[in-house]
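First up is the structure itself, then whatever we jot down about it.
Below, chain A is the first sequence line, B the second, and so on; all start at residue 1.
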There are 2 protein chains.
Amino acid sequence: MDTPEGPPPERLRMLPSRLANHAAMTANRIVDRALAQAGVRRYHYALLAALEEYGPASQAALGRRIGIDRSDMVATVNELAERHVVERAPDPEDRRRNIVTITAEGRSLLTDLDRLIAAAQDEFLAPLPAADRRHLIDLLTRLAEHRD
Amino acid sequence: MDTPEGPPPERLRMLPSRLANHAAMTANRIVDRALAQAGVRRYHYALLAALEEYGPASQAALGRRIGIDRSDMVATVNELAERHVVERAPDPEDRRRNIVTITAEGRSLLTDLDRLIAAAQDEFLAPLPAADRRHLIDLLTRLAEHRD
DNA sequence: CAAAGAACGTTGGTATGGCCAACGTTGGCG
DNA sequence: CGCCAACGTTGGCCATACCAACGTTCTTTG
């Protein structure tokens with residue numbers, strides 16, 4: 001994109017929806033760059049985190065848990081399996097399912113990713129002092145919860 | 001996407017970057033639905049708002065102003081010109097440029113869009129009491145400003 | 001003043017993310 | 001048994017965001 005030429009219109013600048021988008025885009029840029037240091041994308045982190053927290057599960061169950069489509073889950077598991085951070089095995093009790101399991105190597109990777117993610121969050125919130133960071137998180141959390 | 005099956009992993013749920021994304025996605029859904037009532041998308045609103053605020057300008061200048069690529073601007077102006085809410089005319093003083101001007105009909109549409117957008121913002125922030133809305137806007141604004 | 005470079009609008013293409021449809025396989029249930 | 005649902009997989013679609021190239025027109029500079 002070209003370099004900006006003056007500020008965006010006043011009408012747009014102050015819109016809460018625009019502010020939320022700006023924050024999200026900033027956060028995504030920072031988080032994606034952090035995860036890229038470990039060669040993964042957001043889907044990979046989400047999948048590893050879900051496996052660590054809830055244990056082995058089928059692809060479909062994992063997808064519902066973290067909001068990934070079944071079709072996209074195939075590629076995500078493929079990529080993680082190639083790196084030997086997860087294992088995909090048919091479920092003997094239900095041969096429709098693949099049980100996905102995190103490996104020791106996967107847990108090690110997840111530890112690294114946790115650190116990268118934490119640093120990214122700090123970078124994202126860096127412009128705000130600690131008290132305001134907490135307040136922002138609280139407000140966004142309430143916004144999210146009162147929606148569902 | 002399938003219906004969720006339990007909450008997302010704890011690691012993810014509380015991440016500021018995730019909260020910002022959730023807020024932005026909610027806001028986009030609400031705003032897009034509101035604008036769709038008038039048959040426009042966000043690009044159209046941004047372009048009309050820029051024209052109203054800064055007056056006629058070339059496509060490239062408008063694009064730099066609101067962050068739209070030159071190539072995407074072509075389609076955006078096409079669509080608005082078909083609805084007769086903007087006019088595209090060659091610049092007599094620089095025949096490389098097209099000068100885009102908002103029409104009376106365009107100003108009328110923009111007034112409607114302003115109302116729709118305002119209602120969408122209210123809906124977006126509805127879960128929060130007024131004081132918290134102001135606080136959230138303030139925090140997000142500071143986050144955006146201290147970045148640039 | 002001529003030549004080189006930059007800006008413009010336009011076309012066409014690429015990459016990405018999210019989503020949907022269809023299929024064969026397998027399991028649940030009447 | 002017969003039907004329907006869930007699963008994994010493939011393949012595709014659509015929207016957004018970019019980028020590259022081109023011919024035209026202006027600007028700069030040698």
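- Taking CD1 from B:Ile66 and CG from A:Leu12, the interatomic distance works out to 7.5 Å, rounded to the nearest 0.5 Å.
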Please enumerate all protein N or O atoms sitting under 3.5 Å from an N or O of nucleotides 4-6 of chain D, with distances to 0.1 Å.
unit_1	atom_1	unit_2	atom_2	d
D:dA6	N3	A:Arg96	NH1	3.3

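- For B:Gln59, no side-chain nitrogen or oxygen approaches OP1 or OP2 of C:dA7 to under 4.0 Å.
- Distances shown here put a side-chain N or O of A:Asn98 below 4.0 Å from the OP1 or OP2 atom of D:dT9.
- Pairs of residues two or more places apart, or lying in two chains, that qualify as side chain to side chain donor-acceptor pair (under 3.5 Å) and include a residue from residues 106-120 of chain B are A:Arg11-B:Asp114, B:Tyr45-B:Asp114, B:Asp112-B:Arg115.
- For A:Pro8, the side chain to side chain contact (heavy atoms under 4.5 Å, CB included) partners at least two apart in sequence or on another chain are A:Arg13, A:Arg18.
- With D:dG8, C:dT11, C:dC8 as the choices, the nucleotide that has an atom nearest any side-chain atom of B:Val74 turns out to be C:dT11.
- Applying the side chain to side chain donor-acceptor pair (under 3.5 Å) rule to A:Asp122 yields no partners; only residues at least two apart in sequence or on another chain are considered.
- A salt bridge (Lys or Arg N to Asp or Glu O under 4.0 Å) check over residues 76-91 of chain B, counting only residues at least two apart or in different chains, returns the pairs B:Arg41-B:Glu79.
- The line from NE2 of A:His44 to CG of A:Leu80 is 4.5 Å long, rounded to the nearest 0.5 Å.
- The side chain of A:Tyr43 places no N or O atom within less than 4.0 Å of a non-bridging phosphate oxygen (OP1 or OP2) of C:dG17.
- The interatomic distance linking A:Asp32 (CG) with D:dA17 (P) rounds to 15 Å, in whole Å.
- OP1 or OP2 of D:dT16 has at least one side-chain nitrogen or oxygen of B:Arg41 nearer than 4.0 Å.
- When heavy atoms are screened at a 4.0 angstrom cut-off, B:Ser71 is found touching base atoms of the nucleic acid.
- Counting any heavy atom pair closer than 4.0 Å across all strands shown, A:Arg42 reaches no nucleic acid atom.
- Comparing A:Met25 and A:Asp72 by the nucleotide of DNA chain D whose heavy atom lies nearest to each, the residue mapping closer to the 5' end is A:Asp72.
- Under the rule for a side chain to side chain donor-acceptor pair (under 3.5 Å), the partners of A:Asn98 that lie at least two apart in sequence or sit in another chain are A:Gln59.
- Atom CD1 of B:Ile68 is separated from atom P of C:dG9 by 13 Å (rounded to the nearest Å).
- Contacts between residues 78-95 of chain A and DNA chain C, defined by a heavy-atom separation below 4.0 Å, involve A:Asp94, A:Arg95, listed by number.
- Residues satisfying the side chain to side chain donor-acceptor pair (under 3.5 Å) criterion with A:Ser17, sequence neighbours excluded, are B:Gln121.
- The side chain to side chain contact (heavy atoms under 4.5 Å, CB included) check on B:Glu53 picks up A:Pro9, A:Glu10, with sequence neighbours excluded.
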